[in-house]
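None of the values given here were measured: they were computed from a predicted structure. Atoms within each ligand, like the ligands themselves, are counted from 1 in listed order.
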Amino acid sequence: MPELPDVETFRKYVDFTSLHKKITDVLVENKKILDNISQTQLEKKLKNNKFICTYRHGKYLFIKTNEEGWLVIHFGMTGYLKYFRHKEDQPKHTRLLITFENGFHLAFNNQRLFGKIGFTFSVEQYLQDKNVGVDALDIKNITFENTLKKSKVKIKSMLMNQKLIAGIGNIYADEILFQSKIHPETRAADLNKNKLNNLFKRMKEVLNVAIDAKADPENFPSDYLMPHRYKKEVCPKGDEQLKTIKVNGRTTYYCPVHQKK
Ligand SMILES: [Zn+2]
């Protein structure tokens with residue numbers, strides 16, 4: 001599922017491919033993805049206009065048009081963007097297809113239809129309406145500490161709660177806790193100030209490393225959990241077997257030696 005580093009990678013991709021080109025056609029292939037706008041309205045907002053800049057908050061990508069307003073993309077479980085010229089390169093589950101005057105297209109592919117396309121005149125208002133918390137890269141240490149320190153909820157659930165901290169999902173929560181040497185089921189209130197400080201630093205570090213790696217597991221440092229989590233391998237910081245448990249119904253990888261309860 002696209003999390004903050006993935007969405008940041010898509011944002012840069014849009015910057016690199018799709019700005020300042022006249023939009024000549026807009027095709028909604030499946031209306032289920034439309035959030036707060038009709039197909040006709042969306043076409044009207046985009047057609048004959050250009051995208052001029054991008055913004056990301058949490059797992060949301062905003063793309064500004066030269067007229068007022070922003071196209072909003074939430075990638076859901078499996079969404080991604082692809083810029084291409086030839087029809088045969090179009091992804092199989094394209095739900096929105098934008099065509100530019102240079103003959104290229106930008107496709108929003110979303111196999112499982114959990115993604116959303118919306119439109120807003122105010123990013124701030126949109127995030128407020130969706131009850132989205134502070135972006136994980138923007139949150140200040142003091143806010144982070146105050147948010148977590150009194151909670152009896154498991155730390156992994158706290159990190160993944162988009163209303164508190166926006167951008168972290170299942171995979172990066174595991175990585176952040178692994179790098180912080182904190183067991184995912186630890187209650188937030190049981191972490192002392194030092195541990196919370198360290199968690200805060202590791203959170204920013206992991207997200208920045210992931211952005212630099214273009215969110216591709218193959219580019220991650222060798223002592224990261226990410227490239228090992230799908231294979232039930234040994235801990236990249238030792239030689240013990242990684243374990244899995246369910247936290248809030250989500251499969252959680254951790255090291256039983258480095259992340260003691
Ligand atoms: Zn370990």
- Would you call Asp15 and Lys12 a salt bridge, using N to O less than 4.0 angstrom? no
- Task: Find the distance between OG1 (Thr251) and CD1 (Ile245) and round it off to the nearest 0.5 Å.
- Result: 10.0 Å
- Atom of His258 nearest the Zn ion (ligand 1) (restricted to N/O/S, atom name only): ND1
- Item | Lys59 side-chain N/O to Met1 backbone N/O, donor-acceptor pair under 3.5 Å | no
- Query: Taking the N/O/S atoms of Glu240 one by one, which is nearest to the Zn ion (ligand 1)?
  - Reply: OE2
- Query: When you draw lines from the Zn ion (ligand 1) to SG of Cys255 and to SG of Cys235, what angle lies between them, to the nearest 10°?
  - Reply: 120°
- With a 3.5 Å cut-off and no angle check, do the side chains of Thr65 and Lys50 form a donor-acceptor pair? no
